[in-house]
J.: 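Quick one: the structure is below, and I'll ask about it shortly.
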Amino acid sequence: MTTTGTTAAGTGEPAAASCHGGPAPTAEAAGATGSDNAHSPQSAHSGGAHHGPHGYSHQKDQHLKRLRRIEGQIRGLQRMVEEDVYCIDILTQVSAGTKALQSFALQLLQEHLRHCVADAAVKGGDEIDAKVAEATAAIARLLRS
């Protein structure tokens, strides 16, 4: 599989491909219009033929539980601001939320490498090159965040 001339919304990087080949829909193609919607669940794999087991599928329930816990941390930040909590206390909680999201991202990346990239390696050809480039770009985004 070769990468096309499309770029991920606002990043200038090649658009991500789905785990099962082919480019994933861009935020624009998925109907996202603003920056708030660019990373919504609807922007990934919406309506495409690339559904199926992903690297995270076997731990989906644990991931959802973890994301709900992170969501609770973020809602807690809102409450802290509404209640005029001391700045440093809020920043401490921001740091905790950021670390939780980074940890989740690393777990998801590991599962992507073990499942999607490993599957492409077995298939060989251009697909493995595309998956390695895609994973490298994802790692670069994580490092910048």
Side-chain angles (χ1 to χ4, degrees), residues 1-81 87-145:
M1 176 176 103
T2 58
T3 54
T4 63
T6 61
T7 60
T11 66
E13 296 178 14
S18 73
C19 285
H20 301 286
T26 63
E28 292 83 10
T33 56
S35 61
D36 290 340
N37 293 331
H39 300 289
S40 68
Q42 292 81 18
S43 69
H45 295 295
S46 62
H50 304 292
H51 292 280
H54 299 289
Y56 61 84
S57 294
H58 68 284
Q59 292 188 5
K60 189 174 183 177
D61 289 339
Q62 291 124 326
H63 287 320
L64 290 171
K65 182 178 178 181
R66 190 172 185 183
L67 287 169
R68 282 189 290 272
R69 192 171 32 243
I70 294 169
E71 180 183 22
Q73 285 181 292
I74 303 308
R75 289 186 191 279
L77 286 168
Q78 271 183 302
R79 281 190 300 276
M80 292 175 82
V81 171
C87 306
I88 297 301
D89 294 339
I90 296 172
L91 289 170
T92 299
Q93 291 306 309
V94 167
S95 178
T98 300
K99 187 148 182 106
L101 279 171
Q102 288 172 339
S103 177
F104 175 76
L106 286 174
Q107 178 68 39
L108 201 59
L109 177 62
Q110 180 182 24
E111 291 168 359
H112 177 70
L113 293 172
R114 288 181 188 266
H115 179 269
C116 303
V117 177
D119 185 53
V122 169
K123 292 177 182 174
D126 290 341
E127 189 168 345
I128 184 60
D129 294 334
K131 290 295 179 190
V132 168
E134 176 186 56
T136 301
I139 292 166
R141 285 190 301 273
L142 286 172
L143 290 173
R144 286 192 300 263
S145 63

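Just so you know, these numbers use all the heavy atoms, side chains as well, and skip hydrogens, waters and symmetry mates.
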J.: Report the C-alpha separation of R66 and S103 in whole Å, then their side-chain angles, then the decisive distance to 0.1 Å, and conclude whether the side chain to side chain contact (heavy atoms under 4.5 Å, CB included) test is met.
T.: CA-CA 10 Å; R66 190 172 185 183; S103 177; 2.5 Å; yes
J.: Do E111 and R114 meet the salt-bridge criterion of a basic N to acidic O distance under 4.0 Å?
T.: no
J.: Could you tell me whether D119 and K123 have a side-chain N and a carboxylate O separated by less than 4.0 Å?
T.: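 The answer is yes: the pair qualifies as a salt bridge.
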J.: If you define the side chain from C-beta out and look only at heavy atoms, does anything of Q102 sit under 4.5 Å from T98?
T.: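 The answer is yes, as the side chains (C-beta and beyond) meet within the 4.5 Å cut-off.
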J.: Quick check: closest heavy atoms across A135 and V117, and the distance to 0.1 Å?
T.: CB-CG2, 4.4 Å
J.: Please give me the minimum heavy-atom distance between E127 and A120, naming the atom from each residue.
T.: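 Of all heavy-atom pairs spanning E127 and A120, the closest is CG-CB, 3.8 Å.
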J.: If you round to the nearest 0.5 Å, how far is CG of L91 from CE of M80?
T.: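 Taking CE in M80 and CG in L91, the distance rounds to 9.0 Å.
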J.: When rounded to the nearest 0.5 angstrom, what is the spacing between CG in L108 and CG in L101?
T.: 11.5 Å
J.: Could you list all the side chain to side chain donor-acceptor pair (under 3.5 Å) pairs where at least one residue sits in residues 67-81, not counting sequence neighbours?
T.: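 Sorted pair list: E71-R75.
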J.: After noting the C-alpha distance and the side-chain angles of D61 and K65, does the key distance pass the side chain to side chain contact (heavy atoms under 4.5 Å, CB included) rule?
T.: CA-CA 6 Å; D61 289 339; K65 182 178 178 181; over 6 Å; no
